[in-house]
There are 2 protein chains.
Amino acid sequence: MSYKVLIVEDLQELLEAMSDFYREKGAGLWEVVTASDGKDALAKVAGNDFDLMILDIMLPGASGFDICKAARSKGDCPIIFVTALGSENIILKGYETGCDDYVVKPFSLKQLYAKSLGLLKRAKKNQDSDLLSCGSISLNKRTMLVKVNDREVSINAKEYFLLVYLLENKNSVLTRRAILERVWKDDLDVTDRVVDTAIRRLRDNLGEAAGQIKTVIGRGYRLTEE
Amino acid sequence: MSYKVLIVEDLQELLEAMSDFYREKGAGLWEVVTASDGKDALAKVAGNDFDLMILDIMLPGASGFDICKAARSKGDCPIIFVTALGSENIILKGYETGCDDYVVKPFSLKQLYAKSLGLLKRAKKNQDSDLLSCGSISLNKRTMLVKVNDREVSINAKEYFLLVYLLENKNSVLTRRAILERVWKDDLDVTDRVVDTAIRRLRDNLGEAAGQIKTVIGRGYRLTEE
DNA sequence: TTCTTCGTGTCACACTCGTGTCACATCGGT
DNA sequence: ACCGATGTGACACGAGTGTGACACGAAGAA
C-alpha cells in the first residue's frame, strides 16, 4: 500500500530534492506527483485522489490557497503549506483556508517528512474512527459528539446509542424488537413502547433533522437521508 | 539567555571564521565551543548540552555522522552538516542519521547563520509543542506546570495525568473506563467512582475553569473550551 | 522510632436528571 | 366509521452523579 502525495513547488531544485526524498525515504511508501505551476497543480488535483499535498504558496498561475480550496471542495486530504520566512499572517490565512500544517523556508526535508507522517496518521485515525453520517446528521463514535448541519447537539445516553444503531443501519427498517435487543440489551423487561419514547426524545433533540427518522407503521423505524 | 553552539571543522581558518562570525553577530547571543577533530568533538558532545551543532562531515578521528549519532542518543538538538560540493548522496545519508539541515561548501556565513536561527526557532516551537491548552487552562508537559488564566495552580499527580488526558482529547467524551485504563493503568482494581472523585478534586483546584469539565451523564466526562 | 502531613480510595447521603410507564390524543389503513 | 398503531404530555422512580467525611498508607520531619 502506498500513499499518493502531490508536491507543488516552482523552484525546480527544491521540487526535485523533495520528491527524491519522498521517493527514497519511504522505499515505495510514496507515489509522488509533482507540479511546478498553479495551472498544472489544479489539473492534477482535479484528476487524482491524493492522500497528502505539499503546496508552495507563491506560485505562477494560481496561489497555494487556490489549490487548497479546490482540494477542499473535493475531499479532505491533509495539506501542508510551504511559505517564506516571517509571513505569519499568510500562515494565518492558510489555516483559515483549511491547511493542516505548514513549514517555513528554509526548512529541513526531515522535518517536512515527519510532519507528513504525523498528518497521515491523524487522517487515518479520523477515517476509521467511526464517523457515521446520514443527511444532515453526523456522529463521531470516538468523541461521541453529534452534529446536525455542523451544529453540535447534546443528546442523552439511550438516545445516543439508539442513534448509533440507526446510523449503522440507515435506510433499513428496524423493528422495535431489534432496537430493544441492541440498545436495551439486558434490561429487556420493558415495554415495546419505550422505543417510541426514545425516538420521540431523539427527534426533539435532533431539531431540524427530526424528519429523517421515519415511522414505518406496523414494522418499526427507519433513518433516511431526508 | 544565550545559545550554546558546537562548531566542528578541521580546516582551521574556516573554523575561526565561523566562530568569530557567531561570536560577533549575535553580540552575546552565542556561546561558541569548537573542535577540530572527531575525538575532541565526541568528548565535547558527551560533556555538554548544546542548543545547536554545526558539523563538518569529513573529519580526522570520527566522521560528522558519528558525532551526529552520539548527539542523537543524548538529545535532539538541531544539527547542520557542512559538506563538500556535489556529494548529494552523502547528504541523504545525513538526513537518515538525523540531521536537520545542511550547507554545501563553499557557503556564505550569512546563509549558515540564517539556517541556524531558523532551526533554533523551530526547536523552540517544538518544545512548545508539549504545551497543552484548552480555554483558560494551559499545561506544560515538560515543566508539569498548570495554569488557569496565566495564574499558576497546583494539582496532585492523579489529577495532573487526568488533566493531560482530558487536554489531549479535548471536546471528546471520555468514558470512565477509558480514563481508568489511561490514568490508573495497572491499578485497575478500583471502583469506577474514583474517577468522579478525581474529577471533583481537579475541578476544585481549577477554580474558575472548573466549568470547562462537563459531565456527560451515562457516558463520562468531557473538556470543553467553555 | 513516632508524629504529622498529604495524597488517594471508599463509603454514605443528597440530589439532579434521565428514563420507563401510563393516559389520552392523533393518525392511518381497512 | 372503526380499531389498532403511533405521537404526546405528565409523572414517578431510580440510576447516575456531586459532595462531605473518613480511613489507610506513603513520605517527610522531629
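Keep in mind that what you see is a predicted model, and the values were worked out from it rather than measured. Residue numbering restarts at 1 for every chain, and letters A, B, ... go by the order of the sequence lines.
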[N], OP1 or OP2 - any side-chain N/O from [X] closer than 4.0 Å?
| X | N | answer |
| --- | --- | --- |
| Asn156(B) | dC6(C) | no |
| Arg201(A) | dT8(D) | no |
| Trp184(B) | dT8(C) | no |
| Thr191(B) | dT10(C) | yes |

Could you check whether the side chain of [X] and the base of [N] have a donor-acceptor pair of N or O atoms closer than 3.5 Å, going by distance alone?
| X | N | value |
| --- | --- | --- |
| Arg203(B) | dG18(D) | no |
| Arg219(B) | dG16(D) | no |
| Arg200(B) | dG20(D) | yes |

Note to self: Using modelled atom types and a 3.5 Å cut-off, is there a donor and acceptor pairing between side-chain atoms of Arg182(B) and backbone atoms of Tyr165(B)?
What the structure shows: no
Check: Backbone N or O of Ser133(B) within a donor-acceptor pair of the Lys170(B) side chain at under 3.5 Å?
Finding: yes
Minimum-distance nucleotide to [X] side chain [options: [options]]:
| X | options | value |
| --- | --- | --- |
| Asp196(B) | dG28(C), dT21(C), dG18(D) | dG18(D) |
| Arg193(B) | dG18(D), dA5(D), dT19(C) | dG18(D) |
| Val194(A) | dG7(D), dT10(C), dG20(C) | dG20(C) |
| Tyr221(B) | dT10(C), dT8(C), dT17(D) | dT17(D) |

Take atom [atom1] of [X] and atom [atom2] of [N], then tell me their distance rounded to the nearest Å.
| X | N | atom1 | atom2 | value |
| --- | --- | --- | --- | --- |
| Arg176(B) | dG16(D) | CZ | P | 9 Å |
| Ile199(B) | dG20(D) | CD1 | P | 16 Å |
| Ile213(A) | dG7(D) | CD1 | P | 10 Å |

Check: What is the nucleic acid contact for Ala157(A), judged by heavy atoms within less than 4.0 Å: base, sugar-phosphate only, or nothing?
Finding: sugar-phosphate
Next item on the list: Looking at every strand, decide which applies to Thr215(B) at a 4.0 Å heavy-atom threshold: base, sugar-phosphate, or nothing.
Entry: sugar-phosphate
Check: In terms of side-chain geometry, is the basic nitrogen of Glu159(B) or Arg203(B) positioned less than 4.0 Å from the acidic oxygen of its partner?
Finding: no
Notebook entry, point to check: Relative to the 5' end of DNA chain C, which residue comes earlier, Val190(A) or Asp192(B), by the nucleotide with the nearest heavy atom?
Noted result: Asp192(B)
Check: Do Thr224(A) and Lys214(A) meet the criterion of a side-chain donor-acceptor pair at a distance under 3.5 Å?
Finding: yes
Check: Looking at the rings of Tyr3(B) and Phe50(B), which for Trp means the six-membered one, are their centres under 6.0 Å apart?
Finding: no
